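In what follows, every chain begins at residue 1, and chains take the letters A, B, ... in the order their sequences are listed. A quick note: this is a predicted structure, and the numbers were derived from the prediction, not measured.
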Amino acid sequence: MANLKIPEISNDATINVALDTINKGKQALIFVNSKRSAEKTAEEVGKKVTGVNEAWSVLSTKVMKVLASPTTQCKRLCGCLLKGVAFHHAGLAAKQRELIEDGFRDGVVKVIASTPTLAAGLDLPAFRAVIRDLKRFCNRGMAPIPVLEYLQMSGRAGRPNYDTFGESICIAKSEAEKEAITEEYINGDPEEIYSKLAVEPVLRTYLLSLIASKFVRSRKQILEFFGKTFWAYQYEDMGKLEEIIERMLQLLEEWEFIKSSKDDFISADNLDSVTYRATLMGKRVAELYLDPYTANQLVEGIRKTHSIKYGDFSFFQLLCNTLEMRPLLNVRQKEYDIVEEAIMKYEGTLLGSEPDYFDDEHGDYMKSIKTSLFFMDWVEEKGEDALLEHYGIRPGEIRYKLNSADWLFYAMEELTRLLGFHDLIKVIGRLRFRVKHGIKDELVSLVRLKGIGRVRARKLFRNGIKDVRGLKQIDVGRLGVILGKGMAEKIKKELDQDVSVVKKGTRKGQTSVEKFIK
DNA sequence: GGACGGTGAAACTTCAGGTTGCCTC
DNA sequence: GAAGTTTCACCGTCC
């Protein structure tokens, strides 16, 4: 531990350290525990930075152009960048994150205030790593972060090629806190690493894939296999472990993902020789890397379509009920009415569970409804700025949600196929396509064409061109007025050729899609 | 005297991260 | 549990 003399420019120690680093001509990473704090801290540091720099405004302009219509978050970030400061968290669009990281590596960005996004994985060293928060919110209030995580963050200090040393600084508010931090973190031992198999979703996914790949067949082999894992080594109690595996096997069988030979003539004392094999459905679930629990929820939802009147919302709510879609969007106090209203509106049309008001799960249910409403607005072509405003969901988070939804929709399509619900495959496929592109149903046929995304499709639609036939009928000159000459010619050529074309890229910043036109 | 703006205390709200599949609608 | 935001009461100033 070193004694640092930091000039007290403001009454906030974190900001003082950041400013001191800039004045030394060096760079700092500041780690905080929430997105909001990251944004606020970056803004506060920026306010105290004097002077201008051409490179700062160039980067700021670049960042502003990433999204088609900049959100309030973009504007805030760009304001910070004009002072050579940035914030960084999972809510940023991927391209913006990349620009900031590159800007930091190039030395343009002097200070980044970040959530733990920057702590792991990314090689982004700084002269100083300032760890402001050593506590983070969890279900039971604020909890100290693991020592391992502290080490990750402080490990960012010191750039091998530029500095001979680095400084990792924790911020304490009192002498007592300073002592506690020293003991817990600076001199503390990192936690033991625990096997991920101990988590049930991982265990059941793994168990099914072992059976599906025929790596293990009998109960005995299964137990032997798990007996040799790191999980068993840590758990020590093999009896308890067997119990857990047995319960999992029962569930997998109940969900019809595996079939056992128990029905054949096997005596109770010879239970170990019971063999298991995956059903066709089980095999596909394993191939999809889907948690069997989720797969079963999807299967039940798909079956339910036979007995209820369903709509787009029903499918979104089914997805939002899965573990994969978590964390769901939080329902704020002022949003209770809106969510309750939606519950009333869609009552009886849902494919996922509909718990009672007094049920423990009602809170999660409300969240699933809010998240489904977000998806509804997305396919109603609401912009990212509007979504941030209405749902508090940032562009980066939208991407993760869409990515998960796309994957789950794909899984749902596959399960629907296996269940033989042929009419439903098209319905799900079409909705999946709309989610990918963020478009209303009416734009689907236009967006299938190469070079036409949601913006151009909407332009065409407004001009009365609603499908491929409309595009074929319109002359190239008029089409040029709407889309530009070059684009019009390209589209006309494409339509005449009537060949398979591969298209990549969708709604700005989205994952790539491929389409086939016949 | 009323409109307006600034200030600070109290009340209220919200809280990190990011892989998996595949070629079709 | 605590940071950050919003709300509201209070006060001073100006017209």
Side-chain angles (χ1 to χ4, degrees), chain A residues 12 14 31-41 43-44 88-92 94 97 114-122 132-146 149 152-153 171 173 177 196 201-202 205-206 209 284-291 294-295 322-327 329-336 392 394 396-417 422-437 441 444-445 447-448 500-504 511-518:
Chain A
D12 185 321
T14 311
F31 291 102
V32 295
N33 64 3
S34 74
K35 298 191 195 73
R36 204 161 55 168
S37 287
E39 294 178 11
K40 172 96 167 130
T41 307
E43 230 164 28
E44 292 300 315
H88 189 289
H89 53 59
L92 296 182
R97 281 170 67 162
S114 159
T115 54
T117 27
L118 279 184
L122 224 74
R132 194 196 72 175
D133 300 328
L134 284 160
K135 280 181 182 171
R136 188 178 308 133
F137 180 83
C138 69
N139 294 337
R140 275 170 260 144
M142 296 303 266
I145 62 164
E149 227 182 286
Q152 283 274 16
M153 293 192 275
I171 307 288
K173 280 173 225 69
E177 197 182 345
K196 282 208 162 178
V202 178
T205 308
Y206 202 55
S209 92
R284 195 72 191 105
V285 170
E287 283 166 3
L288 290 167
Y289 284 100
L290 207 56
D291 176 356
T294 298
T322 62
L323 286 175
E324 283 81 352
M325 204 42 101
R326 297 198 179 194
L329 300 183
N330 258 333
V331 182
R332 298 178 191 138
Q333 210 129 26
K334 59 180 177 194
E335 294 168 339
Y336 267 68
R394 299 167 167 92
E397 294 159 317
I398 292 177
R399 300 294 153 213
Y400 292 125
K401 286 272 168 287
L402 295 181
N403 195 32
S404 304
D406 185 51
W407 170 54
L408 286 169
F409 266 130
Y410 173 74
M412 210 195 287
E413 272 182 85
E414 290 296 290
L415 298 177
T416 307
R417 206 182 306 277
H422 299 295
D423 297 345
L424 205 60
I425 300 173
K426 272 194 169 177
V427 176
I428 296 171
R430 201 174 169 92
L431 191 55
R432 180 178 168 217
F433 187 79
R434 288 178 55 205
V435 170
K436 244 177 183 172
H437 294 267
D441 196 69
V444 168
S445 64
V447 174
R448 285 210 184 109
S500 298
V501 217
V502 178
K503 162 181 176 168
K504 292 221 161 176
T511 48
S512 68
V513 205
E514 299 174 353
K515 294 186 279 191
F516 297 84
I517 302 159
K518 282 272 171 336

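Atoms CZ (A:R417) and C1' (B:dT24) sit 7 Å apart, rounded to a whole Å. Going from atom CG of A:D133 over to atom P of C:dA2 covers 11 Å, rounded to whole Å. If you measure from atom CG of A:L323 to atom C1' of B:dT19, you get 15 Å, rounded to the nearest angstrom. As a whole-Å value, the separation of A:K401 NZ from B:dT19 P is 13 Å. Residue A:L415 contributes atom CG, which lies 13 Å from atom P of B:dC22 at whole-angstrom precision. Between the NZ atom of A:K135 and the P atom of C:dG4 there is a distance of 15 Å, rounded to whole Å. Computed from coordinates, the A:E324 CD to B:dG21 P distance equals 13 Å when rounded to whole Å. In this structure, the CG atom of A:L118 is 15 Å from the P atom of B:dA16, given to the nearest Å.
Looking at heavy atoms from C-beta onward, A:L408 lies in side-chain contact with A:T294 at the 4.5 angstrom threshold.
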For DNA chain B, what is the dot-bracket line, given that a base pair needs Watson-Crick (N1 to N3, plus N6-O4 or O6-N4) or G-U wobble (N1-O2 and O6-N3) geometry with both distances under 3.5 Å, and | means paired with another strand? |||||||||||||||..........
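Rounded to the nearest 0.5 angstrom, A:D291 CG and A:L323 CG are separated by 6.0 Å. Expressed to the nearest 0.5 Å, how far CE of A:M412 lies from CZ of A:R432 amounts to 11.0 Å.
Salt-bridge formation is detected for the pair A:E39/A:R394: a Lys NZ or Arg NE/NH1/NH2 atom is positioned less than 4.0 Å from an Asp or Glu carboxylate oxygen. Of the charged side-chain nitrogens involved, none lies within less than 4.0 Å of a carboxylate oxygen, so that A:K40 and A:E43 do not count as a salt-bridged pair.
Heavy atoms of A:R132 sit under 4.0 angstrom from primed sugar atoms or phosphate atoms, though from no base atom. Residue contacts shown for A:E413 include a base, since a base heavy atom lies under 4.0 Å away. A:K173 comes within 4.0 angstrom of the backbone, heavy atoms only, and of no base.
Taking the side chain of A:T115 as heavy atoms from C-beta on, and the options C:dA3, B:dA16, B:dG18, the nearest nucleotide is B:dA16. Distance from the side chain of A:K40 is smallest for C:dT5 among the nucleotides C:dA2, C:dT5, C:dA3. Closest approach to the A:F433 side chain among B:dG17, B:dC25, B:dG18 is made by B:dC25 (side chain taken as heavy atoms from C-beta onward).
Each of A:E397 and A:Y289 was assigned the nucleotide of DNA chain B with the nearest heavy atom; the assignment lying further toward the 5' end belongs to A:E397.
Under a 3.5 Å cut-off, the side chain of A:E149 and the backbone N or O of A:P146 do not form any donor-acceptor pair. For A:T205 (side chain) and A:P201 (main-chain N/O), a donor-acceptor pair under 3.5 Å exists by modelled atom type.
Both the sub-6.0 Å distance and the 45° axial angle are satisfied by A:R448 relative to the ring of A:F433.
Annotation: C:dG4 and B:dG17 have their P atoms spaced 16 Å apart (nearest Å). If you take atom C1' in C:dA3 and the same atom in B:dA16, they sit 15 Å apart, rounded to whole Å.
Below the 3.5 angstrom threshold, one finds no donor paired with an acceptor across the side chain of A:N403 and the base of B:dG18.
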Are any protein N/O atoms closer than 3.5 Å to N/O atoms in nucleotides 12-15 of chain B? If there are, list each pair with its distance.
residue: B:dT13; atom: OP1; partner: A:Q333; partner atom: OE1; Å: 3.4
residue: B:dT13; atom: OP2; partner: A:Q333; partner atom: OE1; Å: 2.6
residue: B:dT14; atom: OP1; partner: A:R332; partner atom: NE; Å: 3.0
residue: B:dC15; atom: OP2; partner: A:N330; partner atom: ND2; Å: 3.1

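Looking only at atom types and distance, the side chain of A:R97 has no donor-acceptor partner in the side chain of A:T117 under 3.5 Å away.
With respect to A:F31, the side chain to side chain contact (heavy atoms under 4.5 Å, CB included) criterion is satisfied by exactly one of A:D133, A:L118, A:L134: A:L118.
Phosphate proximity of B:dG21 to A:Y410: absent, as no side-chain N or O sits under 4.0 Å from OP1 or OP2.
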